[in-house]
Structure formats: C-alpha cells, structure tokens
Amino acid sequence: MPDAQRKADTVHGTLAVALVVSLACSSLVASAAVMLKPRQIANAVLDVRRNILEVAGLMDPSREVDELYERIEARVIDFDTGSYVEDVDPEAFDPLEAAKDPERSVLVPSDIDRARVGRRAKLGLVYLLRSEGEVTRIILPVSGYGLWSTMYGFLALEPDGNTIIDLTFYAHGETPGLGDFVSKPDWRERWRGKRAFDSDGNLRIEIVKGRVADEDPLAEHRVDGVSGATLTGNGVSNLLRYWLGDHGYGPYLRRVRRGDDA
Amino acid sequence: MSSAAKRALIEPIVDDNPVTLHVLGICSALAVTTSLLPSLYMCLALTFVAAFANAAVSTIRHVLPSSIRIIVQMTIIASLVIVVDQSLEAFAFETSRELSVFVGLIITNCIVLGRTESFASKNPVGVSFLDGIGNGLGYSLILILVASTRELLGAGTLLGYTIFATVAEGGSFNPNGLMLLPPSAFFVIGLIIWAVRSWKPEQVEKPEFQIHEVHRTEAL
C-alpha cells in the first residue's frame, strides 16, 4: 500500500478528503446553476407561451413563438366580481408570484380545496383569441395537485364559457410513462367538445375510471381516464372543479355567458 | 496513442460493451429509446459524465480513503449529472422535458459507477478518461441502434424526418405500435446481444449448470 493511501485512511485524512470533495462538487453545481439560470428562465417563459399558442390552436413550428404570440390578448380579471381589471398590466402581472403574497391573495377554503391550490391570487390572467374582433377562444391558466406534484396547465374554452376545446399541462412532476399523459397529444384529444356545465349551470366535468360508456347520459361531461394514472386523473378533475367553480373563474365565466363585455 | 490507451477507448465499443456483454445500463436504454433525438442527448450526457467522473476519481485515487470510496464517487457523479441536467434545461429545453427524470438517473447508471470503481480507481488519469469515453461510446452505439430501430418501425421516422410515410399520412407503411412501448427495447437489445454473440462466440457466457442426461434405465 503506497504511503499516500495509508495517510488517506486515517480519520483526519478521511474527513479532509470528504470536505474537499464536497466543497469542490458543491461549487461546481452552484456555479452551473447560477450561470445557467437566466437561460432556463427564458426557456420557461417561451415554453409557457408555446403552450398558450398550442391550446389556442395557433402553434406553427415554422414560425417564431413571440411573433405568433402577438395574436393572444392577455387580460387581468378580478376573481370575485369576474370583471376585467384595466389598471394592472397583464405583461407584468404574475399570478403565481401574487399567490405567495398574503396582501394580494386569498386562502382557498379547505372544504373546496381538493386540488390543494392553497392560496389563490385575488387577480387572475385570462388569454383571449379574437377573430375579426369577436372572441373565439378563452384560455384559462389552471393548476392543482396530482399524485406527486402541482400541475400547471391551460384550459381553452369556446366563447360560450362551457365547451372545452383543449386542456394541456406544461409543468408537472407526475410519473414518467403514466401520469405524464397530461401533457401528451392524445390526452388533449379526449377533452375536445366536452361540456363543463350542464344545462342548469351545474359543474359536471370529471374524469372517470376507464372509458366513458356511449349510453352514459353524462357522457358529454365525462372524460376517459388512463389506467395506472387514476390519482393524476383525480387531481385533474379536482382542479377543474375548483377553477371552474365559484371560487375560481365561475363569476368570470357567468359574465362571459351573459355576454357582458365585463 | 499507446496500446493501453487505445484498448481503453476501443474495447468497450464491441468487445467489452457495457450493455451487450455486461448487460448494464438497461433501464435508460428502455426508457429513452422511443425516438432517436432524446437518445442522442442521453448518449452525450452519459459519455460526458462517464469520462469526467473517471478522470476525477482517477485524479484523487491515491488520496481516496477506502472507507468513503463509493460515496465520494457517487458525489462526483451526482455533481456532474446535475451540471449536465442544468445545461440541457438551458440549451435543449424540449429534449430535457422529454428525458425528464432519466438524465438524473444517470447517477444510478451502473456503467458510470462500475467504471469509476473498477477502472478509474486503479488507473492513471488519461487512460481513465479514455475508458470513460469508450464506455460511453459503447453504450451510445447500442442506444442509437435500439432508438433507430424503434423510431423507424414504430413511427416511420428518423430524428423526426419521415422515412416511410405511414398509412395515416396516406403512405403505405403500417407502423408497429409495440415498438413505441418499453418491452420492444428488450426485444431489440436481446436481438443485438444475440447477433453480437454469434459474431463473437467468446462473449457467450459458460452455462452455470448443465442439464444431466438421464438414461431411460436410470430413471426407472
């Protein structure tokens, strides 16, 4: 055994090596994280925009995301009244940031918070797509807890505030290969044309276990589940129930349905 | 290049391949090979980690206390993997989403720890670095073969470019959906191992036991 090796095997040697290795590795990791942060944030912003375009049906890989994004009109709404707020700049407003600030957010009552939203900002963002002046799609940011993680996504509705066009999640930590179906194209297909509310205005939308039977009277409110990902599916049902409900976008959607331009 | 260096670099590609001979690193070979592009990033990531982890462990091999040997190796590997993961998120965002946890799982990839423990802790820095690259290339070769097969037969494309137009797109190719599911990676790797061992019979393992031939009279 070489001298160096014998010296390394003492308690002092062991501690010294452990300390030096830990310091070297942690500074490597920390500097990589700090230096790459700006690029990662820029990527994340771009990815959110890409997902908005995706549910808006505008995504075109051959064109720049920022250029396509100009067609999207972001508006700030007040959750309580459901009306638009004009004196807050939607570009500068971050609902996730605002939700952390007790001044600018409210606690979701625990009896309706099955999606574990926790705190919700008092103001929210909606994205509108217009065609010749008329709103053709309403895009709502939604979030909630699945099996392992909070999932963040976008729900696109027809201007009737009821018929679903699309639902996708852009950030989540669900099981790869199972729960991550919430960001896959064939999952999004399942939502097309489903209705969130019944004719009496009751919130009905949910994911069922297995397939929705053809003769099911509530078929238009029910979406096929994915076997092996029941809890992720329940999370999606819960978060839609919350965000489309009275504590979420409910008041806003009622105004939309009445045709008030808020 | 000395013959030892050449051996360290070339041998793991076919003769001492980590996947086909040692059957290591199968987990990621299964998970990321549905299409070629994420597999290529995975290959780059693993080769980078294997090479630099080997070099780092080899550098400190004389002062590395044997009692904390493995944990130090894991710390080095884990740090390198985090750097790779962060870089992918910064420079190849879409692919990093697709690879999700599997880049992080390089930490537990048996190939990397296997090489630092069995090779780098006993050999000089240069040749250890080359050994890491060689093993990375050996892994990459198999991953690329599996991913190309799966993407081509499962979707009719390579790197997203259409090679065979599928029936759904109005062509004549009927894609094999099984190829997009994890079990197909087992089949493809199995076929590759079979092919390699037919070509190089010395890689065939000795059977652990032999079925004893029983004579009819004995059985009665």
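Naming convention: chains lettered A, B, ... in sequence-line order (proteins, then strands); numbering from 1 in each chain.
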Query raised in the report: Would you say Glu64(A) has more than 12 foreign heavy atoms packed within less than 6.0 Å of its CD?
Result: no
**Report entry** CZ/Phe91(B): more than 12 non-hydrogen atoms of other groups inside 6.0 Å
**Finding:** yes
Report task. Measure the spacing between OG1 of Thr14(A) and CZ of Arg69(B) and express it to the nearest 0.5 Å. Result -> 12.5 Å
Query raised in the report: Counting heavy atoms not belonging to Arg211(A), are there more than 12 under 6.0 Å from its CZ?
Result: no
Requested in this report: Give a yes or no on whether the backbone of Leu36(A) and the side-chain of Gln86(B) come within a donor-acceptor separation of less than 3.5 Å.
Outcome: no
**Report entry** Residue Ile71(B) versus chain A: region with a heavy atom under 4.5 Å
**Finding:** neither
Query raised in the report: Between the main-chain N or O of Phe93(B) and the side-chain N or O of Asn43(A), is there a donor-acceptor pair closer than 3.5 Å?
Result: no
**Report entry** Closest non-hydrogen atom pair between Ala18(A) and Ile68(B), with its separation
**Finding:** CB-CD1, 4.0 Å
Query raised in the report: With only heavy atoms counted, which part of Ile76(B) is less than 4.5 Å from chain A, the side chain, the backbone, both or neither?
Result: both
Query raised in the report: Above 12 or not: heavy atoms from other molecules or residues under 6.0 Å from CZ of Arg190(A)?
Result: yes
Query - Contact origin within Ser96(B) toward chain A - heavy atom pairs under 4.5 Å - result: neither
**Report entry** Considering all heavy atoms, the nearest Val63(B)-Val17(A) contact
**Finding:** O-CG2, 3.2 Å
Query raised in the report: What do you reckon, is CZ of Arg49(A) surrounded by more than 12 foreign heavy atoms closer than 6.0 Å?
Result: yes
Query raised in the report: In terms of side-chain geometry, is the basic nitrogen of Arg50(A) or Glu94(B) positioned less than 4.0 Å from the acidic oxygen of its partner?
Result: yes
Query - Distance in Å, Leu28(A) CG paired with Leu80(B) CG, rounded so as to fall on 0.5 Å steps - result: 6.5 Å
